[in-house]
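For reference, the structure is listed below as structure tokens.
Index from 1, following the sequence.
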Amino acid sequence: MLDDFMVRAALAGLGVSIAAAPLGCFVVWRRMAYLGEATAHAAVLGVALALSFSLPLLPAIIAAALAMGLSVSLLRGRGYAMDTLLGVIAHTALAAGLVTVALLSDVRLDLNAFLFGDILAVTKSDLATIWIGGATILALMVWRWSALLVSTLNPDLAQASGIDPKREELWLTLAMALAVAVAIKVVGILLIAALLVIPAAGARPLARTPESMAFTAAIIGSTAALGGLGGAYWADTPAGPSIVCAAALIFVATAILGPIFRKG
């Protein structure tokens, strides 16, 4: 069954969508949609460093994304707004990564595959990486769910309860770094932020509890992955962008039908 490239692509899309769902909910709740994009941009620098020093790709991407998160945490208390810091660091990391790749004359790299994904080229080993990474993300989210939720909704209450909001933010950054690393093959660096935010935003009008929102986001993301793949196969369009477009269509539908659902 795994010898069929469409089956591998579908399983890869499902793995990323399910893992990204709870993360996307926290990004939406914290109003930090730009954090996902910044983390993804930092991954470009991670790819460049991995190629420069012959390092394994996955750890290098995670390290670069974590460095971005730590930089934001260290600089936030120095008079800069969060969106300003994320903008500076994200675009600097993206530009530095692209410049570094351009300087590697002895390395041939298909940047389009990293930037926009190449889900149809997912191998069995890629699939194992995606599902192991996704399972790790879900385990981390289950472990830190209550603490992350309290620190998101009320940082002062979290502090009074012995929960350090900054520590929980670092856990969230770690999970996002891992999500970006495993999602590169599916939708690419430039589109992973959309896969984090759009399903969660689409789930918001339909959910009555945080847990139901995460579950609904996983369903929306999975539906978008399968629908986008089907649409790409039928219309001969790029698979990664097609998945994001499918998620956007579901978001529009839930935005329209959400008030009706709540009344019912």
Side-chain angles (χ1 to χ4, degrees), residues 1-2 4-29 33 36 40 116-124 126-142 145 175-176 178-189 191-235 237-258 261:
M1 183 177 69
L2 292 180
D4 189 326
F5 75 96
M6 283 299 289
V7 173
R8 293 196 301 271
L11 290 174
L14 288 174
V16 171
S17 300
I18 293 170
L23 288 174
C25 291
F26 281 106
V27 170
V28 170
W29 292 332
F116 301 105
D118 193 5
I119 190 172
L120 299 180
V122 167
T123 63
K124 292 179 182 179
D126 292 330
L127 200 55
T129 299
I130 288 169
W131 277 92
I132 291 172
T136 303
I137 293 168
L138 289 178
L140 179 59
M141 288 290 98
V142 170
W145 182 264
M176 290 188 65
L178 185 55
V180 168
V182 300
I184 282 178
K185 270 281 189 177
V186 179
V187 291
I189 290 167
L191 299 178
I192 179 56
L195 200 59
L196 280 168
V197 174
I198 296 176
R204 194 167 194 170
L206 307 179
R208 290 184 169 86
T209 65
E211 291 77 13
S212 66
M213 180 171 164
F215 182 74
T216 305
I219 294 176
I220 291 175
S222 299
T223 304
L226 296 179
L229 273 174
Y233 182 81
W234 175 74
T237 55
S242 297
I243 290 173
V244 176
C245 288
L249 289 175
I250 298 174
F251 167 76
V252 172
T254 61
I256 295 171
L257 299 176
F261 177 84

Review point. Hey, what do you get for CD1 (Ile220) to OG (Ser17), rounding to the nearest 0.5 Å?
Key: 11.0 Å
Review point. Pro22 and side chain to side chain contact (heavy atoms under 4.5 Å, CB included): which partner among Val142, Val27, Leu140, Leu138?
Key: Leu138
Check your understanding: Can any side-chain N or O of Trp145 pair as donor or acceptor with the backbone N or O of Glu211 at less than 3.5 Å?
Key -> no
Review point. How close do Gly134 and Ala19 get, heavy atom to heavy atom, and via which atoms?
Key: CA-CB, 3.6 Å
Practice item. Kindly say whether Ala203 contributes a backbone atom to a donor-acceptor pair with the side chain of Thr216 at under 3.5 angstrom? Key: no
Review point. Could you go step by step and tell me if Met6 and Leu120 meet the side chain to side chain contact (heavy atoms under 4.5 Å, CB included) rule?
Key: CA-CA 7 Å; Met6 283 299 289; Leu120 299 180; 3.8 Å; yes
Review point. Val122 and Leu127: which non-hydrogen atoms are nearest, and at how many Å?
Key: CG1-N, 4.0 Å
Check your understanding: How many angstroms lie between atom CG of Asp126 and atom CD1 of Ile119, to the nearest 0.5 angstrom?
Key -> 11.0 Å
Practice item. Measure the CD1-CD1 distance between Ile130 and Ile18 for me, rounded to the nearest 0.5 Å. Key: 12.0 Å
Check your understanding: If every non-hydrogen atom of Pro199 is compared with every non-hydrogen atom of Ala217, which pair is closest and at what distance?
Key -> CB-O, 3.6 Å
**Study point:** Closest non-hydrogen atom pair between Ile250 and Thr223, with its separation
**Key:** CD1-CG2, 4.0 Å
Check your understanding: Between Thr237 and Ser242, which heavy-atom pair has the shortest distance, and what is it?
Key -> OG1-OG, 2.8 Å
Practice item. With rounding to the nearest 0.5 Å, note down the distance linking CD1 in Ile184 to CD1 in Ile192. Key: 9.0 Å
Exercise for review: Can you measure from CD1 (Ile137) to CG (Leu178) and round to the nearest 0.5 angstrom?
Suggested key: 4.0 Å
Check your understanding: Looking at Gly228 and Ala246, what are the two nearest heavy atoms and their distance?
Key -> N-CB, 3.8 Å
Point to revise | Ile256 side, atom CD1; Phe251 side, atom CZ - distance, nearest 0.5 Å | key: 10.0 Å
